Amino acid sequence: MRVSRLMLVTLRDDPAEAEIPSHKLLLRAGYIRRLAPGIFAYLPLMWRVLRKVSRVVREEMDAAGALETLLPQLQPADLWRRSGRWAGYTAGEGIMFHLHDRQDRELGLGPTHEEVVTSLAADLLRSYRQLPVNLYQIQTKFRDEIRPRFGLMRGREFIMKDAYSFHADEACLAQTYAVMDRAYRRIFARCGLRAVAVEADSGAIGGSASQEFMVTADAGEDLILASPDGHYAANQERAQSLAEPAVPLAGGLRAGGAGEPLATPGQATIEQLCAGHGLQASQVVKVLLLLARFEDGHDQPLLVALRGDQQLNEVKLANAVSGRLGAKHGALLEVAALTPDSLKRAGLDPLPFGFLGPQLGDDLLAGGGVAPSFLRLADHTAAELEIFVCGANQPDRHLLGASWSGLGLSVEGVDLRAAQPGERCVHDPRQRLEASRGIEVGHIFQLGRKYSTAMDACFTTEAGSSEPFWMGCYGIGVSRLAQAAVEQHHDGNGICWPLAIAPFEVLVVPANVADAAQAALAGRLYDDLLQAGVEALLDDRSERAGVKFKDGDLLGIPWRVVVGRGAAEGRVELVERSGAGSHELPADDLLAHLLPRVERQRRGLLDG
RNA sequence: CGGGAUGUAGCGCAGCUUGGUAGCGCACUUCGUUCGGGACGAAGGGGCCGCAGGUUCGAAUCCUGUCAUCCCGACCA
């Protein structure tokens with residue numbers, strides 16, 4: 001390809017809409033253009049990158065025995081009602097674009113394809129003899145993100161590879177899950193990305209085991225906590241750690257554990273309370289009030305107890321709540337803090353926030369249009385406290401020396417606390433968690449039988465009975481991956497694509513096209529490279545050399561061949577974009593020198 | 001949806017406080033000089049100043065409303 005024919009428009013200034021380096025560079029280098037929030041045109045260079053990523057994904061999925069397919073993006077609401085996800089995905093902050101057709105039928109624009117593929121499987125797969133099957137597709141997904149961000153990182157329309165596997169038993173699912181795990185590691189390595197696998201929350205999709213693949217980069221939206229020995233890594237949403245032991249509270253139980261009143265005027269925060277009375281945060285039980293909204297309209301007040309020095313992990317909380325009430329009330333739509341304002345809106349009496357204790361009665365909920373009793377949850381660290389300080393449920397008053405039984409409460413500990421960097425690891429208390437940031441580019445799940453049961457997707461077993469499929473699902477954000485590659489591979493001058501996914505492999509730059517010797521030699525080398533099967537780009541523009549060098553750096557083509565002053569003597573210069581080095585060599589030696597290197601780099605970071 | 005900011009040429013911005021002919025840099029077109037790290041000179045083209053009302057002799061500028069975009073939180077590949 002010739003640059004003069006490439007529709008290349010590069011920008012000298014950073015567009016104001018971009019925040020992170022990869023987004024700025026993709027815009028500046030002419031790879032993408034924004035059409036609306038979260039909606040982008042992939043310009044020809046970008047499309048070449050996306051096709052290369054897709055090709056790697058395709059090759060590895062095919063090698064892992066998966067079958068490529070293409071499923072509809074317009075999906076009938078009925079299908080989603082059968083899985084129970086229609087309301088959760090459309091109402092409230094649901095992310096599915098949905099519409100009515102001319103017959104007034106409801107349709108959704110596919111944010112994911114579990115429903116479609118499960119109904120298809122139910123149709124086609126009748127016998128255990130046909131299993132296992134792993135179907136995948138690479139296509140555009142639509143999600144009405146609450147806040148699209150960072151270019152392709154969080155778009156409302158993006159390219160995804162999604163795969164769904166069907167099995168006769170759990171062991172077979174686990175086997176395919178492991179095969180996908182290996183395939184994913186190969187995919188990211190082949191694309192030249194450093195990625196780490198972390199334990200993850202399975203979120204809205206549901207299911208049991210789940211693992212995310214994170215491209216490490218400072219601009220990543222996710223916080224990863226990992227042990228230095230490499231044996232444990234998890235998304236903070238999911239991470240577990242050992243909390244520091246609580247400092248025992250002096251003075252023992254008071255009033256048989258019912259606690260003695262402690263005057264705490266204006267001490268509404270843990271810090272003020274501790275400072276005022278020489279207490280440690282770990283000696284305090286703090287209480288958070290929240291309201292969980294369910295699909296069926298049920299509004300459930302939550303009373304969450306945490307040890308004073310701990311933070312709530314909202315993902316763990318949401319899982320605990322939907323685990324307890326989801327079966328009865330449908331999807332959990334939202335969990336929000338109860339505030340003085342929201343209490344008033346619900347028609348409830350004001351509460352002494354800052355002085356709440358776990359013994360807060362249900363009676364105050366009466367007449368508020370919400371469930372009449374709290375769902376009471378306590379984190380392990382709070383439940384394990386034998387003697388503690390807590391709010392007295394009156395302004396300016398706490399209780400000293402209370403215990404759970406003394407307050408007349410029985411609590412079961414649940415993991416609700418957010419693990420923090422620096423805390424001890426569960427698998428080895430000598431290790432401490434370290435934090436890093438990552439961009440989630442892949443996620444694999446063992447879904448189990450959630451969807452197949454909901455949608456009545458069954459097959460006949462060897463014994464002749466009918467059972468729902470065991471399912472797995474496996475996603476890769478193709479367009480996100482491409483941008484994540486830029487985030488991981490760039491410098492002050494522009495992009496440094498890993499060769500395996502670069503739009504072109506070699507850029508031939510005649511320093512001065514007006515120089516007949518340079519133009520002729522550059523043209524010859526360009527032809528030779530194409531002949532040799534190298535994806536070459538020739539910068540034939542009558543620009544000054546400096547402009548072409550700057551643009552070349554910005555574009556990030558891995559190799560640059562400069563045909564300049566030495567052209568008359570048949571000498572050219574070879575520059576590797578990612579390295580600082582460059583060296584001169586005879587033009588006749590170029591192919592012999594370059595080809596083995598290009599071939600090696602086409603394998604990305606794959607060893608051997 | 002809550003909090004913050006911004007809408008002026010393709011991109012980046014000034015002008016607005018104190019109303020009076022719409023500007024700068026980059027990009028684009030033509031000519032000349034230059035030619036290995038975003039050249040220089042000359043000449044040009046391009047604007048419903050987000051939109052709608054209002055105030056005024058007169059509005060990019062003041063007032064009201066509205067829409068859009070971006071940033072901070074909840075969502076996810």
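Atoms considered below: every heavy atom in the structure, side chains included; atoms not considered: hydrogens, waters and symmetry mates. Just so you know, these numbers come straight off a predicted model, no measurement behind them.
Residue A:L554 is in base contact, counting any heavy-atom pair closer than 4.0 Å across all strands shown. Across all strands, A:V9 comes closer than 4.0 Å to no nucleic acid atom at all (heavy-atom distances). When heavy atoms are screened at a 4.0 angstrom cut-off, A:G442 is found touching the sugar-phosphate backbone but no base atom. Within the 4.0 angstrom heavy-atom criterion, only backbone atoms of the sugar-phosphate kind lie near A:V441; the bases stay farther away. Among the protein residues, A:N493 comes within range of no part of the nucleic acid, since none of its heavy atoms lies under 4.0 Å from any strand. Contacts of A:R560 with the nucleic acid, taken as non-hydrogen atoms under 4.0 Å apart, include base atoms. Using a 4.0 Å heavy-atom criterion, one finds that A:D222 contacts the bases of the nucleic acid, with or without backbone contacts as well.
If you check B:C49 for Watson-Crick or wobble pairing at under 3.5 angstrom, you find it has no partner at all. Within the shown strands, nothing qualifies as a pairing partner of B:C35 under the Watson-Crick or G-U definition with both distances less than 3.5 Å. When both distances must be under 3.5 Å, the Watson-Crick or G-U wobble mate of B:C70 is B:G4. Base pairing annotation: B:G58 forms no Watson-Crick or G-U wobble pair, as no partner gives both donor-acceptor distances under 3.5 Å. Across all strands shown, B:G23 forms a Watson-Crick or G-U wobble pair, both distances under 3.5 Å, with B:C13. Pairing for B:U29 goes to B:A43, judged as Watson-Crick or G-U wobble with the two contacts each under 3.5 Å. Across all strands shown, nothing is found opposite B:C76 as a Watson-Crick or G-U wobble partner with both distances under 3.5 Å.
Mapped onto RNA chain B by nearest heavy atom, A:E145 and A:A18 fall at different nucleotides, with A:A18 at the one closer to the 5' end. RNA chain B is contacted by both A:E314 and A:E584; A:E584 maps to the nucleotide lying nearer its 5′ end (nearest heavy atom per residue).
A donor and an acceptor atom never sit less than 3.5 Å apart when one is taken from the side chain of A:N512 and the other from the base of B:G36. Within 3.5 Å, no donor on the side chain of A:E543 pairs with an acceptor on the base of B:G38, nor the reverse. At a cut-off of 3.5 angstrom, the base of B:C75 holds no donor-acceptor pair with the side chain of A:R143. No donor-acceptor contact under 3.5 Å links the side chain of A:R571 to the base of B:G36. Interface remark: the A:R154 side chain does form a donor-acceptor pair with the B:C75 base, using a distance-only criterion of under 3.5 Å.
Taking atom P in both B:A59 and B:C26, one finds a spacing of 33 Å when rounded to whole Å. Across B:C72 and B:U66, the matching P atoms stand 26 Å from one another, rounded to whole Å. Comparing the P positions of B:U17 and B:U21 gives a spacing of 13 Å, expressed to the nearest Å. Going from the C1' atom of B:A52 to that of B:A68 covers 14 Å, rounded to whole Å.
Screening A:V49, A:L43, A:L25, A:T10 against A:Y31 for a side chain to side chain contact (heavy atoms under 4.5 Å, CB included) leaves a single residue, A:V49.
A donor-acceptor contact closer than 3.5 angstrom links the side chains of A:Q139 and A:H113. No side-chain donor-acceptor contact under 3.5 Å links A:N134 and A:Y136. Between the side chains of A:Q236 and A:D222, no donor-acceptor pair of N or O atoms lies under 3.5 Å. For the residue pair A:Y42 / A:R51, no side-chain donor-acceptor distance below 3.5 Å is found, with atom types taken as modelled.
When the C1' atom of B:C75 is taken as reference, atom CZ of A:F142 falls 18 Å away, rounded to whole Å. Atom NZ of A:K550 is separated from atom P of B:G37 by 10 Å (rounded to the nearest Å).
Environment of CG in A:D218: sparse, with no more than 12 heavy atoms of neighbouring residues, nucleotides or ligands closer than 6.0 Å.
Taking the centre and axis of the six-membered ring of A:F504, the NZ or CZ atom of A:R48 falls inside the cone set by 45° and 6.0 Å.
Residue ring and base: A:F549 does not count as stacked with B:G38 (centre distance below 5.5 Å and interplanar angle below 30° not both satisfied).
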